[in-house]
Amino acid sequence: MAQPLAKKDDDRDEEVDYSPFLGIEKGAVLQEARVFNDPQLDPQRCSQVITKLLYLLNQGEALTKVEATEVFFSVTKLFQSKDIGLRRMVYVMIKELSSSADEVIMVTSSLMKDMTSKTDMYRANAIRVLCRITDGTLLTQIERYLKQAIVDKNPVVASAALVSGIHLLQTNPEIVKRWSNEVQEAVQSRAALVQFHALALLHQIRQNDRLAVNKLVSSLTRGSVRSPLAQCLLIRYTSQVIRESANNTQTGDRPFYDFLEGCLRHKAEMVIFEAARAITELNGVTSRELTPAITVLQLFLSSSKPVLRFAAVRTLNKVAMTHPTAVTNCNIDMEGLISDQNRSIATLAITTLLKTGNESSVDRLMKQITNFMSDIADEFKIVVVEAIRSLCLKFPLKHRSLMNFLSNILREEGGFEYKKAIVDSIVILIRDIPEAKETGLLHLCEFIEDCEFTYLSAQILHFLGIEGPKTSDPSKYIRYIYNRVHLENATVRAGAVSTLAKFGAMVDGLKPRIFVLLRRCLFDTDDEVRDRATLYLNTLGGDGAVVETGADVKEFLFGSLDIPLVNLENSLKNYEPSEKPFDINYVPKEVKSQPLSEKKAPGKKPTGLGAPPPGPPSTVDAYEKLLSSIPEFANFGKLFKSSAPVELTEAETEYAVNVVKHIFDGHVVFQYNCTNTIPEQLLENVTVIVDASEAEEFAEVASKPLRSLPYDSPGQTFVAFEKPEGVPAFGKFSNMLRFMVKEVDPSTGEAEDDGVEDEYQLEDLEVVASDYILKVGVSNFRNAWESMGADFERVDEYGLGPRDSLAEAVNAVIDLLGMQPCEGTEAVPPNSRSHTCLLSGVYIGNVKVLVRLQFGLDGPKDVAMKLAVRSEDETVSDAIHEIVASG
Amino acid sequence: MELCPLIKNILLLDSEGKRVAVKYYSDDWPTNSAKEAFEKTVFTKTQKTSARNEAEITMFDDYVVVYKFVLDLHFFVTGGENENEIILASVLQGFFDAVGFILRGTVDKREVLENLDLIFLCLDEIVDGGIVLETDANVIAGKVASHSMDDGAPLSEQTITQALATARERLARSLLT
């Protein structure tokens, strides 16, 4: 900085915005850079020019390729100078230029000379620069020096080599992996940072070898890692090992937990925090394991350092999502943080409190939050909104202030995800808190008046169509809806038309007005909008006469699609255009679940050759296709349900057989999937002889033998029974496999001509109640339960006797009933003493059934259950109770 | 999965949010305008806070930023959202204190600009390609100082020191060869 230095004393105090770089310009500096080529180098002046160049680059000035290359080559001339300061700047400059200049490799020889220099600083920097510009070939040449540098006694040199190794591992892994021994030695270094860099590199070299990582962790957690940074790394590696060995933690103590806990007493804060965070993130962490971590985090909450408070509150916030009770101890400290100067800390504290707080603190919290909302990022706002939603569901009495809050923030600026979170929350509150319905709907109406997101408008319109007609004054929503028809894009317009039709269908008083509006929609520019308007006018009888809407029209408009969308999609894809129209009634309703036995059925022989044979057809679609292709079963009608395969043989037997029960309205078909596991045998004419003497209501009507069953290639044989139409029938069936066995010459694969009749006893098979219940889920159990009504409700209590756990009891009842668990209620939180499980299904005869199971622990092990059933038919409600009573 | 703590950038801005010296170690901001946009966001988000005694912290767009101000200078260190905040803070503290040592306590924009070469060296010694090289301010400042001339000494003295150094090195070389 020759000039500024000279001017320094005069200008300094007068100029307010003094800068030594004031007015410097790229062209001029590039001119100045010619001093690098002087035969008599002036190190100080060269340093100043480099600083100017670095300043320009740092300010975002870009050099063209030619300029960069030119500067680069003149800079390399500076290696002649022995000035240490200048050399240091040269290194920095080369690194800056290495990405933009051509032929950077030319500088290699100078750098290699520095790399073998006696001066530590030269060695360290030359290594760092060289690794930036090197390629694979060059790297092999310098590998020897790098390996030496890794174990250099100067920590700066060692670190430089190790860090460069970490970077090079991305591009030349095979070379860096050869340095393992040196790196391992460096891990033992007494210099803290060397240990850190060595550990990082060693782990990256071994990261794909789980065993090696395991060994590394076990040996280091026992020894003493000195550097706090290295200790943080070790904690991360340990967590990874714990995660990956998660399957054997069921018994006894978690491996390495003691190490993590020990780190909570480390003297460095970064290590304490790293360990506390690692503990809170353990899979299925128990409260006993959590306690010490929460305690140290709680101490951080009252630290004078904002960084510590932030780190602690952020971690506790995450813990509160899964273990709210573990965090309640910190509530007093949290409340103190609401007024924290740092808004991020305050927000995190608030959302944590929302998750753990109680009813009395709601209003106070809400006041605090309002002040913060404008200051925080959308990402945080979404968190706050979600926290408020769950809080409102927890304390429905507080819906007024919470709903107000939501509508206020809905009007403010925000991105799609944020707005969606708010709308979703309002929708959920309306659905679950009846008192909040009318105000909530009006808030939503106001929102769609000025909503830029098509998705949200369409969603709200649909919701309005369902909830609006049921309010005390449905007419007040019509204006909002019809405005959409004028002002929006086609998607929203079509949605608005459907919504109008729903109002028309439900509210007779509005019909004439709705018809007028719908007729106007007939002139819309969009096909879909016109089509919908026409369709609804016709279904609602829009010829002027106000007639009561028929039940089937209501069903069409409001009825939920009781078919899983995936199944519908599959069926539509499989449908081939033909004379026969697509029939929605043939779409399977069963929620698909992959049968477990698919892998079990085929040959269990350990010496199984070749590729495993394909499993039996398993999905509902496939079953249906298979059965309809058999003429004997063609007139059985629509398949109601296919069970999961039931094994009829032990594992490792000569013949593996499992059975699938197909239930039709008046028939049952057993599909026996057989596999021959003996290479020396060919089975022919395979049938199953079924003895139905313990199943009185069943009469055998057809049997379809399997012509031939070669080794390891599964085949099916079927037996069909008639049963009373439309009602369940139960019974036990004993099975005998009968076949003709022929010897096969293993060398040629030829079978002998003569065979012997043989039989093979299979296990018994039962047709049980759950075979007559389809797993059909409902999206909103509460709504479905309410709308089903209590007419055919049956409630009773049962003692389930001693059980291993609540979860085990819940699963047993779900299996017994064969119904679909709803809203994730099949999962029982660990250590809970009571649990409610919601099930839904369809009983044979197409009767919807809903079940509410309330479990409670009665004494240490005894489980008691209250079973409430609602259905459309009282005999069905009774039948469900019978299943449980006899199960 | 990346397990090693990584620094995304280190920023030194002035009291108007203008760049004094910055260093990016991540590809998250590929262009200069992306970098400037990030600096603007960081600056506006933190501007009103007081980070003069203790380092402060904020989080946005999946980044955690720790920062500290002194006079007309704003120091920032950025990491990914899952980074250990205390590690980031230790890097910030290392940078902040090292600059203090190098400038002998007079830390303001003018002083920094006049010694910008040393600030660049300082950044170079703290982080390499995102990996923390050193967080101890004494060590960082020591490394920077040992590589440069003693900037506090008058010009004539500097030349002498330099001449001595060169002489020593020549002597050493002649002895070796």
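In what follows, every chain begins at residue 1, and chains take the letters A, B, ... in the order their sequences are listed.
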J.: Using a strict 4.0 Å threshold on nitrogen-to-oxygen distance, state whether A:Glu96 and B:Lys23 make a salt bridge.
T.: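 The answer is yes: the pair qualifies as a salt bridge.
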J.: Which region of A:Val156, side chain (C-beta onward) or backbone (N, CA, C, O), has a non-hydrogen atom less than 4.5 Å from a non-hydrogen atom of chain B, or is it both or neither?
T.: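 Contact with chain B involves the side chain of A:Val156 alone.
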J.: Heavy-atom distance under 4.5 Å to chain B: side chain of A:Val92, backbone, both or neither?
T.: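 For A:Val92, the contact with chain B is made by the side chain alone.
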J.: Report the option among B:Val22, B:Asp124, B:Asp136 that has the most heavy-atom pairs separated by less than 4.5 Å from atoms of chain A.
T.: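 The candidate making the most pairs under 4.5 Å is B:Asp124.
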J.: Counting only non-hydrogen atoms closer than 4.5 Å, does A:Arg87 touch chain B with its backbone (N, CA, C, O), its side chain (CB onward), both, or neither?
T.: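 For A:Arg87, neither part sits under 4.5 Å from chain B.
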J.: Check B:Glu125 with A:Arg88, please: is the shortest side-chain N to carboxylate O separation under 4.0 Å?
T.: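 Answer for the salt bridge query: yes.
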J.: Could you walk me through whether A:Lys305 and B:Glu85 pass salt bridge (Lys or Arg N to Asp or Glu O under 4.0 Å), step by step?
T.: CA-CA 12 Å; A:Lys305 295 180 189 166; B:Glu85 294 89 339; over 6 Å; no
J.: Less than 4.5 Å to any heavy atom of chain B: does that hold for the side chain of A:Leu229, its backbone, both, or neither?
T.: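 For A:Leu229, the contact with chain B is made by the side chain alone.
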J.: Report the option among B:Thr135, B:Val139, B:Asn82 that has the most heavy-atom pairs separated by less than 4.5 Å from atoms of chain A.
T.: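 Winner by heavy-atom pair count: B:Asn82.
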J.: Answer yes or no: is there an ion pair linking B:Asp117 with A:Lys52, defined by an N-O contact shorter than 4.0 Å?
T.: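 Here B:Asp117 does not pair with A:Lys52 in a salt bridge, since their nearest N and O are not under 4.0 Å apart.
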J.: Which region of A:Ile166, side chain (C-beta onward) or backbone (N, CA, C, O), has a non-hydrogen atom less than 4.5 Å from a non-hydrogen atom of chain B, or is it both or neither?
T.: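 Interface part for A:Ile166: side chain.
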J.: State, to 0.1 Å, how close A:Ser304 and B:Glu54 come at their nearest heavy-atom pair, and which atoms those are.
T.: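 In terms of heavy atoms, the two residues are closest at O-CG, 3.8 Å.
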J.: Mind listing the closest non-hydrogen atom pair of B:Val132 and A:His197 along with its distance?
T.: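 So the minimum-distance heavy-atom pair works out to O-NE2, 2.6 Å.
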J.: Any ion pair linking B:Glu83 and A:Arg314 (charged N to carboxylate O, less than 4.0 Å)?
T.: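 So A:Arg314 does not pair with B:Glu83 through a salt bridge.
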